[in-house]
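To start, the structure itself, in structure tokens.
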Amino acid sequence: MIPVKGYAAQNAKAPLTPYSFERREVGKNDVLIDIHYCGICHSDIHQIKDEWGGSLFPMVPGHEIIGVVSQTGSSVSKFKVGDRVGVGCFVDSCRQCDNCHEGMEQFCDGGMTLTYNNRDRKTGDLVQGGYSTKIVVDENYVLRIPENLPMDAAAPLLCAGITLYSPLRHWNIGPGKKVGILGLGGLGHMGVKLAHAMGAEVTVLSHSLNKEADGRRMGADHFYATSDPQTFQKLNSYFDLIVCTVSAKIDWNEYMQLLKRDGTMVVVGIPEESIPINAFSMIARRRSLAGSLIGGIKETQEMLDFCGKHNIVSDIELIPIEQVNEAYERVVRSDVRYRFVIDIGSLS
Ligand code: NAP
Ligand code: ZN
Ligand code: ZN
């Protein structure tokens, strides 16, 4: 077994504290990765606080992992020692169902193995995430990081980046399309950068105008405050697509009115409550309400290569791991510009 240092919560009420544990030995298809950076996703906080139910403890969160390969198993063909690699939200899947065969492992019929807060599908052991010094992952679930991207700011691409890239691609976003990004946080700011690079007209819908200069610098053409009732009049029936990254309670019917005929509202934020929608919000103008979940390995690599080509990374605040609990509080207060990334060097 491989000894690893990390930070874990022992239960849903506990803060993250230093925690030593072991990773499995490097199997023939595995790579051992020395983790350099790990982003803090709001999903880490939902799970640590058991806001979705069923959380498994002790929990080492983290699924925006970037590091360097330090050992490879005998059958590994895609990576070699020294490669810059990433790991996102899942580390395994059944590999047999239609979704896995079609490269959409996130929808695996047998359930993907999440990077943490889950059990290894062979051994049943708890799996642990990237707030730690090393991870062992099957090479088929490892991503290659383009050479021109800085490793720290590229870490959030592994979850925030793919979570926005996938719906933008699925709904054919490009020139001539009007996209609304609801919530300018970790996910939202990646959505602005990606939709802009795809050639769409991008509008940010944020609580207030406080982040307007940042949003425009990232590529937004327009910026509106949702606290201003006039926003809803001005943008009535305006968008082809809105991607909602907010995890708080909002008035969904009000936002559905902002879609034009055949427009789609894509839910990616995960609030605790269910989403109440009035039938008229959808049947008027044939609008759709849809959801999207991260992306498969093939599409995540495509997203990373797209970001390499367009020089897209996250706007980050790099922190030592001792500040992780404080960073969580700031994320919950929407006080993050725009993603915290943990410098894993601070663990050793
Ligand atoms: P985040 O950085 O906290 O950003 C969320 C943004 O939502 C905030 O910056 C804020 O933007 C807005 N917001 C927060 N509270 C609000 C409120 N009370 N009313 C209106 N707007 C509010 O979080 P994140 O990491 O981007 O994650 C967002 C959500 O997506 C989380 O629920 C996370 O679990 C989920 N998620 C889903 C997937 C998926 O595959 N579907 C993947 C990753 C994460 P403004 O200040 O601009 O209003
Ligand atoms: Zn995430
Ligand atoms: Zn499967």
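The figures that follow rest on heavy atoms only: side chains count, while hydrogens, waters and symmetry mates do not. As the structure lists them, so they are numbered: ligands from 1, and atoms in each ligand from 1. Because the structure is a prediction, the values reported are computed rather than measured. Position 1 is the first residue of the sequence, and the numbers go up from there.
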Could you label the plane-to-plane angle of the Y116 and H63 rings as parallel, tilted or perpendicular, counting under 30° as parallel and over 60° as perpendicular?
-> tilted
May I ask you to establish whether K260 and Y238 are in a cation-pi arrangement, using a distance under 6.0 Å from NZ or CZ to the six-membered ring centre and at most 45° from the ring axis?
-> no
For I145 and I66, what are the C-alpha separation, side-chain angles and deciding distance, and is it a side chain to side chain contact (heavy atoms under 4.5 Å, CB included)?
-> CA-CA 8 Å; I145 307 301; I66 290 220; 3.7 Å; yes
Give yes or no for whether the N/O distance cutoff of 3.5 Å, strictly under, is met between G183 and ligand 1.
-> no
Could you find the nearest protein heavy atom to atom 1 (P) of ligand 1 and give me its residue, atom name and distance?
-> H42 ND1, 3.7 Å
Between N117 and Q47, is any side-chain donor less than 3.5 angstrom from a side-chain acceptor?
-> yes
Is any side-chain N of the basic residue among D262 and R287 closer than 4.0 Å to the acidic one's carboxylate O?
-> no
Residue, atom and distance of the protein heavy atom nearest atom 10 (C) of ligand 1 read S334 OG, 3.6 Å
Which bit of W52 is near ligand 1, meaning a heavy atom under 4.0 Å away: side chain, backbone, both or neither?
-> side chain
Examine K211 against ligand 1 and note whether any of their N/O atoms are separated by less than 3.5 Å.
-> yes
Nearest non-hydrogen contact to atom 6 (C) of ligand 1 from the set A225, G185, G215 belongs to G185
Do NZ/NE/NH1/NH2 and the carboxylate oxygens of R339 and D315 come within less than 4.0 Å?
-> no
Of all protein heavy atoms, the one nearest atom 11 (O) of ligand 1 is L184 N, 3.2 Å
Parallel, tilted or perpendicular for Y224 and H222, by the 30°/60° rule?
-> tilted
Under a heavy-atom criterion of less than 4.0 Å, does F223 contact ligand 1?
-> no
Name the one of T123, D125, D30 that satisfies side-chain hydrogen bond (donor to acceptor under 3.5 Å, both in side chains) with R24?
-> D30
For atom 47 (O) of ligand 1, what's the nearest protein heavy atom and its distance?
-> S206 OG, 2.5 Å
Inspect the contact between D34 and K134 and indicate whether a charged nitrogen and a carboxylate oxygen are less than 4.0 angstrom apart.
-> yes
For ligand 1, find out whether one of its N or O atoms is nearer than 3.5 Å to an N or O atom of G186.
-> yes
For Y338 and ligand 1, does the shortest N/O to N/O distance drop below 3.5 Å?
-> no
Among all protein heavy atoms, pick the one closest to atom 32 (O) of ligand 1 and tell me residue, atom and distance.
-> H46 NE2, 2.8 Å
Side chain or backbone of S292 under 4.0 Å from ligand 1, or both, or neither, by non-hydrogen atoms?
-> backbone
Does ligand 1 have an atom under 4.0 Å from some heavy atom of R339?
-> yes
What's the SG-the Zn ion (ligand 3)-SG angle here (C108, C97), rounded to 10 degrees?
-> 120°
Nearest protein heavy-atom contact for atom 35 (C) of ligand 1: which residue, which atom, what distance?
-> V268 O, 3.6 Å
Does any N/O atom on K249 come nearer than 3.5 Å to any N/O atom on ligand 1?
-> no
Hey, is there an N, O or S on H101 sitting under 2.8 Å from the Zn ion (ligand 3)?
-> no
Hey, is ligand 1 close enough to I270 that some N/O pair sits below 3.5 Å?
-> yes
The protein heavy atom nearest to atom 5 (C) of ligand 1 is T245 O, 4.0 Å
Under the side chain to side chain contact (heavy atoms under 4.5 Å, CB included) criterion, do E22 and I2 qualify, and how do the steps go?
-> CA-CA 5 Å; E22 291 180 325; I2 299 168; over 6 Å; no
State which residue, out of D92, V60, I135, fulfils the side chain to side chain contact (heavy atoms under 4.5 Å, CB included) condition with T115.
-> I135
Using a strict cut-off of less than 4.0 Å between a Lys/Arg side-chain nitrogen and an Asp/Glu carboxylate oxygen, indicate whether E212 and R216 qualify as a salt bridge.
-> yes
Ligand 1 N/O within reach of I294 N/O, cut-off under 3.5 Å | yes
Ranked by distance from atom 39 (C) of ligand 1, the top protein heavy atom is T163 CG2, 3.5 Å
So does R119 have more than 12 non-hydrogen atoms from other groups sitting under 6.0 Å from CZ?
-> yes
Out of E51, H207, E64, M190, indicate the one that has the non-hydrogen atom closest to atom 22 (C) of ligand 1.
-> H207
Is the closest basic N to carboxylate O distance between R169 and E302 below 4.0 Å?
-> yes
Ignoring angles and geometry beyond distance, decide whether L187 reaches within less than 3.5 Å of ligand 1 through its nitrogen or oxygen atoms.
-> yes
